[in-house]
Protein chains: 2
Amino acid sequence: MNQRQREPKRGPSLSRRGKDGDGAERQEVIYRSISDAIIEHRLKPGARLREDALTEVFGVSRTGIRKILQRLAMEQLVTLTPRRGASVTRPTADEAKDVFDARQMIECGLMPEVARRISEVDVRELRDMARCERQALKDGEQSAAIKLSAALHARLAEISGNATLADFVDRLCSRSSLILAVYGSAGHLGCESHDHDDLIGYLEAGNGERAAAFMSRHLKAIEASLSMVEEEDKAPDLHTIFSR
Amino acid sequence: MNQRQREPKRGPSLSRRGKDGDGAERQEVIYRSISDAIIEHRLKPGARLREDALTEVFGVSRTGIRKILQRLAMEQLVTLTPRRGASVTRPTADEAKDVFDARQMIECGLMPEVARRISEVDVRELRDMARCERQALKDGEQSAAIKLSAALHARLAEISGNATLADFVDRLCSRSSLILAVYGSAGHLGCESHDHDDLIGYLEAGNGERAAAFMSRHLKAIEASLSMVEEEDKAPDLHTIFSR
DNA sequence: TACAAAAATTTCGTATACAAAAAATGTTCC
DNA sequence: GGAACATTTTTTGTATACGAAATTTTTGTA
């Protein structure tokens, strides 16, 4: 009722009736859209996110967009500069180190408990995710693979039963995706395709210590694959492009 | 122009020129006011936080208040119920366990690095904080003691140099204050007064392992001091109170 | 007096309006 | 021709307005 015909061109059905829930869910959908776009590298670090543009794309007013932007800023996926607006965060090398150190501590520390609590259905679900990830990699769909990898790590943490730590891991994985986008070498994705399957195997066997050690190596391998050079493309963009 | 005479006594200069910064800082001040009030138990778990009331108290419009409320909700200090508004979070027993397990993992895991990086000035600052805390305890100022204790733990994590993990610890400490408010027995505060001094001693000596072990015992002691009974005061409030 | 239905009030959710700041563009003067 | 300044346009920050849902109060009836 409150949103009548403020979108005269597209037709009135988009924002009101199309099965979009009661508004609170709509916000969640938009949040996930932007979040996914960032995690999948379809929005690259440094990309500006103007409020008006997002308003047009999603058909909600700036009030709603700003709420979402603020939430993304808290998860450090976007950076809010006082009077310059929002942009996709460009992680520094220091931040990258912090994130991977944190993952090392939390994800490895969680493995014993995960091994203790993992169930048959969990294993099946995880193997399915790993299979999807491998398939995506084979098909050259980097975006999908990156998202699936992060989702797998996050799901793993959830199984521990500690919602707080699972939430931390979720955020660290999202930020890791951003870090991969900036410092990852093209073609070589962070996670080896068979790593996750091996890890699931250790957990299924109830071997928490082994799983933790493997996770540690896994994360170290990802971090080692990064090329930590902070490139800054403020203005040189055009110069380098048109120089020859 | 936009804020008429909501502060008739102070004159119109308060919100723009009166030394209060450019608005962004003002928000921070208000955020901290509410946050502190919650951490110090001056706002008790379950207390409602009506937007209009906060609007009047702080002299900013609902837009600003809601931004702050949303931030507090993300840190789990307040709970936002869809059409009921905001209230101070009342942690469940499960959440309490998660928070202390998380602190156990992160704070203890951080101690070795803290022991490695701690400096003379850090030690002096920490001892000063511990002294203030002990003093507050002696003076019966529970509110101040609780806040100082949380601040000490948070500062400790900062010294590790990992901003991400320090941020996690900061949030966990805030939530711990809430947990203390609900499950803590009156009179017996979580931290023993001399514990923190001992801990600083180990760190100063560069003994990370010992510090980690001590921190573990320290946190266990706090958790053990809680009485985990979930009282619920939905409606029976008035009935039980006036029944005899 | 007790219970139920309806009106009234409160309070939140969202859109819009307006002002201020920054960026971009055009103009003028040297 | 280039740099400094003014103007216009864009974009963000904040307040307010309006509508909907929920709670409370009132009122009528049994």
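Proteins come first, then strands; the chains are lettered A, B, ... in the order of their sequence lines, and each starts at number 1.
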**Q.** Below 4.0 Å: OP1/OP2 of D:dA15 and any side-chain N or O of B:Ser61
**A.**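 Yes, within the criterion.
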Q: Would you tell me if any nitrogen or oxygen in the side chain of B:Lys67 comes within less than 4.0 Å of OP1 or OP2 on D:dT14?
A: yes
Q: Could you please name the option among D:dA15, C:dG13, C:dA21 that lies closest to any side-chain atom of A:Arg83?
A: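 My answer, after comparing the listed nucleotides, is C:dA21.
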Q.
So does B:Asp98 get a backbone contact from the side chain of A:Asn162, meaning a donor-acceptor N/O pair under 3.5 Å?
A.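 The answer is yes, because a donor-acceptor pair under 3.5 Å joins these two groups.
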Q | Each stem that DNA chain D is part of, given as range with range (3 or more consecutive Watson-Crick or G-U pairs, under 3.5 Å) | A |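 Stem list for DNA chain D: C:1-30 with D:1-30.
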Whole-Å distance between [N] [atom2] and [X] [atom1]?
X: A:Gln70; N: D:dT14; atom1: CD; atom2: C1'; value: 13 Å
X: B:Ile65; N: C:dC12; atom1: CD1; atom2: P; value: 11 Å
X: A:Phe58; N: C:dT14; atom1: CZ; atom2: P; value: 16 Å
X: A:Leu80; N: C:dA22; atom1: CG; atom2: C1'; value: 16 Å
X: A:Arg62; N: D:dG13; atom1: CZ; atom2: P; value: 8 Å
X: A:Ile68; N: C:dG13; atom1: CD1; atom2: P; value: 14 Å
X: A:Leu54; N: D:dT11; atom1: CG; atom2: C1'; value: 13 Å

(Q) Do B:Thr79 and B:Ser87 pair up side chain to side chain, a donor and an acceptor below 3.5 Å, judged on atom types alone? (A)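 Short answer, no.
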Enumerate the protein-to-nucleotides 7-11 of chain C contacts in which both atoms are nitrogen or oxygen and the separation is below 3.5 Å.
{"from": "C:dT11", "atom 1": "OP1", "to": "B:Arg50", "atom 2": "NE", "distance (Å)": "3.4"}
{"from": "C:dT11", "atom 1": "OP1", "to": "B:Arg50", "atom 2": "NH1", "distance (Å)": "3.4"}
{"from": "C:dT11", "atom 1": "OP2", "to": "B:Arg50", "atom 2": "NH1", "distance (Å)": "3.2"}

Q.
My understanding is that only residues two or more places apart in sequence, or in another chain, count here; which of them pass side chain to side chain contact (heavy atoms under 4.5 Å, CB included) with B:Arg62?
A. B:Glu51, B:Asp52, B:Thr55, B:Arg66
